[in-house]
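To start, the structure under review is shown below, and the notes come after it.
The analysis underlying the following values was restricted to heavy atoms, covering all of them including side chains, and did not include hydrogens, waters or symmetry mates.
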Amino acid sequence: PDAYTPIVKLVFDGVDIDLLFAQLSLPVVPRDLGSLMDDDLLKNMNDASARSINGCRVADMILSLVPNPAAYKDTLRFIKVWAKNRGIYSNVL
């Protein structure tokens, strides 16, 4: 069965990592692909890949809008750890 959002879960050196997968409709991924914000990347992309890449696009957009990205990231990490320790956080639906 197809995954709703393709993801590889792993633990590396004690750190939980969720590695997202998206299949681009390009013969070769350009070396200078610096941003996922180009809407042309979504052309001819399957739904699962679009959901996967849009998660990254939304995260990038949020970071570009906050006044202090470093403080935002630290706060988000704290909230996730706090909620996970209380059993009220999971990034899996």
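Taking Ile, Leu, Val, Met, Phe, Trp and Tyr as hydrophobic and joining them when side-chain heavy atoms fall under 4.5 Å apart, one finds Met37 in a cluster with Met61, Leu65. Annotation for Val8: hydrophobic cluster partners, listed by chain and number, are Leu10, Phe12, Val15, Ile17, Leu19 (ILVMFWY side-chain heavy atoms under 4.5 Å, direct or chained).
For the side-chain contact (heavy atoms from CB on, under 4.5 Å) test, no residue two or more places apart in sequence or in another chain qualifies with Ala59. For Lys80, there are no salt bridge (Lys or Arg N to Asp or Glu O under 4.0 Å) partners, not counting sequence neighbours. The salt bridge (Lys or Arg N to Asp or Glu O under 4.0 Å) test applied to Asp74 returns Arg77, not counting sequence neighbours. With sequence neighbours left out, Asn46 forms a side-chain contact (heavy atoms from CB on, under 4.5 Å) with Gln23, Ala48, Ser49. For Leu20, the side-chain contact (heavy atoms from CB on, under 4.5 Å) test picks out Thr5, Ile7, Ser52, Cys56, with sequence neighbours left out. Asp40 meets the salt bridge (Lys or Arg N to Asp or Glu O under 4.0 Å) test with Lys43; sequence neighbours excluded. The salt bridge (Lys or Arg N to Asp or Glu O under 4.0 Å) test applied to Asp47 returns no partner, not counting sequence neighbours. Residues meeting the side-chain hydrogen bond (donor to acceptor under 3.5 Å, both in side chains) test with Asp39, sequence neighbours left out: Arg57. By the side-chain contact (heavy atoms from CB on, under 4.5 Å) test, Val58 is found to be paired with Ile62, residues two or more places apart in sequence or in another chain being considered.
To the nearest 0.5 Å, atoms CG (Asp60) and CG (Asn54) are separated by 11.0 Å. With rounding to the nearest 0.5 angstrom, the CG atom of Leu42 is 9.5 Å from the CG atom of Leu24. A distance of 8.0 Å separates CG in Leu26 from CE in Met45, rounded to the nearest 0.5 Å.
Residue pairs satisfying the side chain to side chain donor-acceptor pair (under 3.5 Å) criterion with at least one member in residues 27-37, sequence neighbours excluded, are absent.
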query: Under the side-chain contact (heavy atoms from CB on, under 4.5 Å) criterion, do Leu33 and Leu41 qualify, and how do the steps go?
result: CA-CA 10 Å; Leu33 181 67; Leu41 291 174; 4.2 Å; yes
